[in-house]
Colleague: 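What follows is a structure written as structure tokens; I'll ask about it next.
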Amino acid sequence: MAISAPPPNPVPVAYQGGTSAAVPDWLNKGDNAWQMISATLVGLQSVPGLVILYGSIVKKKWAVNSAFMALYAFAAVVICWVVWAYKMSFGDKLLPFWGKAGPALGQKFLIKQAELPETTQYYDNGGVETTMATPYYPMASMVWFQCVFAAITVILLAGSVLGRMNIKAWMAFVPLWLTFSYTVGAFSLWGGGFLFHWGVIDYSGGYVIHLSSGIAGLTTAFWVGPRSTKDRERFPPNNVLLMLAGAGLLWMGWAGFNGGDPYSANIDSSMAVLNTNICAATSLLVWTWLDVIFFKKPSVIGAVQGMITGLVCITPGAGLVQGWAAIVMGILSGSVPWFTMMIVHKRWTLLQKIDDTLGVFHTHAVAGLLGGALTGLFAEPTLCSLFLPVANSRGGVYGGSGGVQFLKQLAGGAFIIGWNLVITSIICVVINLVIPLRMSEEQLLIGDDAVHGEEAYALWGDGETYDSTKHGMYSDDTIHKTSTGATQVV
């Protein structure tokens, strides 16, 4: 009697798990592809995004220095991250707010299924409420994804000290701040630390990245001191169009920033990407309208600031709020940081004394704290259940435990603010004992050529280097019609 052949497998070969050692049963190719794409998008926000934005938004004589600070920070963070900082942020617990340092370099560690070992959430009676986060891709994808978040945080901080921080001091500052500040926020809120288990919500970095970089940037600016008087009086961007190119990379890259944080290409990541763009667009429009109403002109720099505050504000709740809430958050992120930057900053003596070059305190600290608080109001229960370890989380407008959630958000923000104020100050004081935080007066006067021996725009005519005896006097301090209000970088 003839034996019939088994029926063909209806699952396409490409989707049959376990077909080779390179495709284990737990690997979801779609999730892995999206995670690596998201990481690449976030990386592009820094290199070349913020490299271009920083190099363009500053005065011509600081273009090279500003761009290089961003480029250097990215490279330095990558090495520090894989040698010790990843496990301090997402490894086994050392303290309630810190993980144990260790390398993330061995193939046995990197090719196994990703897991965040301290993320199992327990009920008070000891039962498991939410199992440990184990995404369906290898640890290598997780390590790189989290690395680009760490890198952009330090680069955002740099925006506060452009135009005067000693580049050698910056080289020392980057690994120290990453190690003693960033890893604490990341472990506490994401890696299974005390704020994570208490239920403080930070979907994608409103606190870990933006609040910390804004507070640390302001603190570092205090210790470094202000730019030269001449630079503070006039600091025009050297290339507004290139600045827009950098800003565009920042905006589009935010799809990976917020869309990658569910650790899966799922319905929650789709919500996060849509809400991100809704809030950013709303915030840009509101900021621009305020510029027109109060300063009679729409400012391109103002529009970029509004875009950034919208992106920052939605970040802590991107996949947790409804579309209408994203619009409300956009209205507030386009107006509250505008008010603190344009009104409060000019009337508060302390803020006047601290020279925050790009206004990172307003665009990231104020907007990040605002977003975290609003997430405590608007986090929708069903969406929370798709993502958060505390399954019954909800925002204040949905009743129940929502009021407590709002207070938790404020407490979580207070911890990040306090830690960054203290630790960043200590780091600056220690570095200054060995390396001056501030450039020399000669470097402050000359700029890139004195610091790097290079200039952004060095050629004149047909390949000739600029010569004042041949080409006449030129300076980006040449008399122009004076700009006012929002058209000046803070």
Side-chain angles (χ1 to χ4, degrees), residues 50 53-54 149-150 152-162 173 177-178 181-182 184-186 188-189 195 200-224 250 254 257 279-280 283 287 304-317 329-330 332-348 350-376 409-425 427-428 489-490:
L50 285 170
L53 194 151
Y54 283 5
F149 278 80
I152 199 171
T153 308
V154 185
I155 294 171
L156 292 173
L157 186 163
S160 293
V161 292
L162 298 180
F173 180 90
W177 191 84
L178 173 75
S181 187
Y182 181 82
V184 169
S188 298
L189 280 157
L195 295 177
V200 177
I201 300 172
D202 189 6
Y203 186 88
S204 196
Y207 286 175
V208 175
I209 293 171
H210 300 293
L211 181 58
S212 66
S213 62
I215 295 298
L218 189 73
T219 305
T220 307
F222 169 80
W223 288 104
V224 174
L250 201 61
W254 227 283
F257 200 104
C279 188
S283 184
W287 194 295
V304 170
Q305 303 280 35
M307 174 203 83
I308 291 171
T309 56
L311 293 166
V312 170
C313 184
I314 194 64
T315 293
M329 292 173 77
L332 292 170
S333 65
S335 54
V336 174
W338 183 94
F339 180 77
T340 64
M341 181 181 283
M342 298 301 167
I343 308 301
V344 176
H345 186 100
K346 295 176 181 180
R347 298 181 180 180
W348 192 355
L350 177 62
L351 289 178
Q352 283 285 301
K353 289 181 179 178
I354 301 175
D355 182 17
D356 180 359
T357 308
L358 299 185
V360 178
F361 171 75
H362 303 284
T363 56
H364 293 274
V366 173
L369 184 61
L370 176 67
L374 292 175
T375 299
Q409 297 300 108
L410 297 181
F415 172 77
I416 295 296
I417 291 169
W419 185 270
N420 277 279
L421 279 170
V422 174
I423 297 301
T424 306
S425 293
I427 290 171
C428 288
V489 178
V490 172

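Just so it is clear, the structure is predicted and the values come from calculations on it, not from any experiment. All values below come from the heavy atoms of this structure, side chains included, with hydrogens, waters and symmetry mates left out.
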Colleague: Going by the rule ring pair (Phe, Tyr, Trp, His ring centres under 6.0 Å), which residues pair with Tyr207 if we only count those two or more places apart in sequence or in a different chain?
Modeller: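 Partners of Tyr207 by the ring pair (Phe, Tyr, Trp, His ring centres under 6.0 Å) criterion come out as none, since no residue qualifies.
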
Colleague: Can you sort out the partners of His210 under ring pair (Phe, Tyr, Trp, His ring centres under 6.0 Å), two or more places apart, ordered by chain and number?
Modeller: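 Partners of His210 by the ring pair (Phe, Tyr, Trp, His ring centres under 6.0 Å) criterion, ordered by chain and then number, come out as Trp254, Phe257, His364.
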
Colleague: Restricting to side chain to side chain donor-acceptor pair (under 3.5 Å), what partner residues turn up for Ser335, sequence neighbours left out?
Modeller: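 In terms of side chain to side chain donor-acceptor pair (under 3.5 Å), with neighbours along the sequence ignored, Ser335 is linked to no residue.
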
Colleague: Using side chain to side chain donor-acceptor pair (under 3.5 Å) as the criterion, list what pairs up with Trp419, not counting sequence neighbours.
Modeller: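 Expected list: none.
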
Colleague: Would you please name every residue forming a side chain to side chain contact (heavy atoms under 4.5 Å, CB included) with Phe222, sequence neighbours left out?
Modeller: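 In terms of side chain to side chain contact (heavy atoms under 4.5 Å, CB included), with neighbours along the sequence ignored, Phe222 is linked to Ile354.
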
Colleague: When you measure from the side chain of Gln352 to the backbone N and O of His345, does any donor-acceptor pair fall under 3.5 Å?
Modeller: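 A pair under 3.5 Å: yes.
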
Colleague: According to ring pair (Phe, Tyr, Trp, His ring centres under 6.0 Å), who are the partners of Phe361, at least two apart in sequence or on a separate chain?
Modeller: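 Checked Phe361 against ring pair (Phe, Tyr, Trp, His ring centres under 6.0 Å); zero matches.
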
Colleague: Test Leu211 against every option in Asp202, Val312, Val366, Ile417 by the side-chain contact (heavy atoms from CB on, under 4.5 Å) rule and name the one that passes.
Modeller: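 Among Asp202, Val312, Val366, Ile417, the one meeting side-chain contact (heavy atoms from CB on, under 4.5 Å) with Leu211 is Ile417.
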
Colleague: Test of understanding: with side chain to side chain donor-acceptor pair (under 3.5 Å), list the residues that count as partners of Ser160, not counting sequence neighbours.
Modeller: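 For Ser160 the side chain to side chain donor-acceptor pair (under 3.5 Å) partners, ignoring immediate neighbours, are Asp356.
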
Colleague: Can you sort out the partners of Ser283 under side chain to side chain contact (heavy atoms under 4.5 Å, CB included), two or more places apart, ordered by chain and number?
Modeller: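 Side chain to side chain contact (heavy atoms under 4.5 Å, CB included) check on Ser283 returns Thr309, Ser333.
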
Colleague: Applying side chain to side chain contact (heavy atoms under 4.5 Å, CB included), name anything that partners Ala216, two or more places apart in sequence or on another chain.
Modeller: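 For Ala216, the residues satisfying side chain to side chain contact (heavy atoms under 4.5 Å, CB included) (neighbours in sequence not counted) are Leu157, Trp177, Asn420, Thr424.
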
Colleague: side-chain contact (heavy atoms from CB on, under 4.5 Å) with Ile308: which of Val360, Leu250, Leu358?
Modeller: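 It is Leu250, the one option of Val360, Leu250, Leu358 that forms the side-chain contact (heavy atoms from CB on, under 4.5 Å) with Ile308.
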
Colleague: Residues in side chain to side chain contact (heavy atoms under 4.5 Å, CB included) with Ala150, at least two apart?
Modeller: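 Counting only residues at least two positions away or on another chain, Ala150 forms a side chain to side chain contact (heavy atoms under 4.5 Å, CB included) with Val77, Trp81, Leu178, Tyr182.
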
